Amino acid sequence: MTAMERPEGSGPIDTDVVIIGAGPCGLFAVFELGLLDLKCHVVDILGKPGGQCSELYPEKPIYDVPALPIVTGQELTDRLLEQIRPFNPVFHFGERIDALVRQEDGRFLLTTDAGKQFLTQVVVIAAGGGSFTPKRPPLDGIEAYEGTSVFYSVRRMDDFRDKDVLIVGGGDSALDWTLNLQPVARSLTLLHRRDEFRGAPHSVNEMRRLVGEGKVRLIIGQVTALHGEAGVLTGATVKTSAGEEIISVDAMLPFFGLTMKLGPIADWGLNLHENLIPVDTEKFETSQAGIFAIGDINTYPGKLKLILSGFHEAALMSQAAQKIVYPDKKVVFQYTTSSSSLQKKLGVK
Amino acid sequence: MHFIRGEMVKITFIQPDGTAQTVTAEEGLTVMEAAKMADVPGIEAECGGACACATCHVYVDPSWREKAGAPSDMEEDMLDFAFDVREESRLSCQIKVTSALDGLVLRVPAKQF
């Protein structure tokens with residue numbers, strides 16, 4: 001039975017392979033594994049496929065993908081999705097694998113931050129620079145307020161009811177939450193370093209209307225210090241062209257974009273080297289049998305962080321993964337140009 | 001002055017504690033690349049120069065601001081993600097090394113995200 005036929009909520013999803021990361025290497029791994037009859041589930045913390053290609057530089061041209069003299073990050077992602085479609089990968093976006101536990105039968109039980117579980121024979125870590133996490137402003141002592149007064153996302157709007165809320169940033173997240181929280185907050189201050197906003201024009205106009213009506217206070221400046229005690233924020237020092245002032249604040253939402261952190265992978269008992277995962281260059285296997293690492297997140301002598309290297313790593317890793325899932329199968333190497341069985345899998349025959 | 005291809009240009013990075021480090025950069029590189037090659041502390045360049053992370057933030061010495069130029073719109077947008085942004089802020093991945101910048105002085109911020 002394949003994982004896809006299992007209804008949600010009936011225990012762990014059973015699969016051959018879980019790929020962590022839906023960037024170009026994770027996506028291409030679906031292809032190489034698929035040719036070898038391995039079914040994949042792909043988990044990514046972002047809400048969409050493409051990893052850094054679509055999150056950091058969707059419009060940037062890439063010039064070193066073989067046979068594509070020029071391709072943007074988004075185009076590359078779209079083409080990979082098209083290429084892997086015959087293999088019906090199941091995507092789990094907006095989730096992060098938090099725990100990995102090897103079972104007695106050698107399989108791995110993976111649990112996401114949303115509580116979803118997978119039972120899998122093979123784990124492929126294709127997590128690039130790590131999982132995207134919100135940037136923490138380098139303010140002294142900010143850690144003490146995180147989760148109590150400083151938040152990087154809004155889980156429940158009601159948590160901000162009757163609070164003096166400070167939102168920092170000039171993009172869509174900052175604007176959207178300004179508009180959404182203004183009606184519930186006691187006061188809402190939007191702080192941005194310049195009087196120009198990157199967000200959707202409609203949101204900018206709406207924010208300016210609220211500022212005009214006196215419902216939102218807009219300050220052009222930057223936060224330089226936090227004040228409070230025992231995790232309870234009481235104020236923030238704000239630097240503007242007029243000087244510094246301390247404003248009264250119960251809750252702060254900083255939106256300074258995302259950064260990449262290795263995250264929970266560090267706790268899975270893998271050998272690490274400077275936040276990278278050492279692998280061999282035959283199978284791209286980590287220090288734990290059955291767990292592979294491909295793409296930017298691995299390291300080995302001569303490693304180059306190139307998309308094309310990640311593709312090569314995916315192909316070799318897949319051969320090793322097949323031996324784990326089908327230990328008795330005689331492996332016959334085949335080409336997609338001539339093999340009718342591969343062409344059938346690709347849906348072209 | 002004639003434009004000589006591949007001319008070496010001197011760039012000085014001043015750390016928040018006042019330590020100065022002068023690096024030699026080949027024309028055509030970006031200032032970020034020159035800093036990374038010389039392991040200048042505080043220039044992280046997490047995204048590798050795609051103008052997508054703001055971790056190569058520098059302050060251009062006032063006497064060099066005109067020659068270094070102003071940030072593009074895209075760079076201004078990305079500077080929104082930097083910390084303690086000032087009038088003289090630039091992202092070093094967006095400054096191309098040219099002979100006109102020989103002697104350039106840059107300050108590394110106390111805190112990079």
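Reminder, nothing fancy here: chain letters follow the sequence lines and each chain counts from 1. Here the structure is a predicted model, which means the values were calculated and not measured.
If you measure heavy-atom distances from A/Lys239 to chain B, the contacts under 4.5 Å come from the side chain alone. No part of B/Ala110 comes within reach of chain A, as not one of its non-hydrogen atoms sits under 4.5 angstrom from that chain.
Of the listed residues (A/Arg136, A/Lys60, A/Arg194), the one with the most heavy-atom contacts under 4.5 Å to chain B is A/Arg194. The candidate from B/Thr55, B/Asp77, B/Asp84 with the greatest count of non-hydrogen atom pairs under 4.5 Å with chain A is B/Asp77. Comparing B/Ala82, B/Ala52, B/Ala54 by heavy-atom pairs within less than 4.5 Å of chain A, the highest count is held by B/Ala52.
Annotation: cation-pi geometry not satisfied between A/Arg193 and B/Phe81 (NZ/CZ under 6.0 angstrom from ring centroid, within 45° of ring axis).
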Is there a salt bridge (Lys or Arg N to Asp or Glu O under 4.0 Å) between B/Lys111 and A/Asp140 once you walk through the steps?
CA-CA 11 Å; B/Lys111 290 167 179 175; A/Asp140 290 334; 3.5 Å; yes

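Here the CD-CD distance, from A/Glu196 to B/Glu76, works out to 7.0 Å after rounding to the nearest 0.5 Å. Taken to the nearest 0.5 Å, the CD atom of A/Gln52 stands 8.5 Å off from the SG atom of B/Cys47.
Contact record, A/Leu139 with B/Phe83: CD2-CZ, 3.6 Å, taken as the closest heavy-atom pair.
The environment of CZ in A/Arg79 is sparse: at most 12 heavy-atom neighbours from other residues, nucleotides or ligands sit within 6.0 Å. Around the CG atom of B/Asp73, the shell of radius 6.0 Å holds no more than 12 heavy atoms that belong to other residues, nucleotides or ligands.
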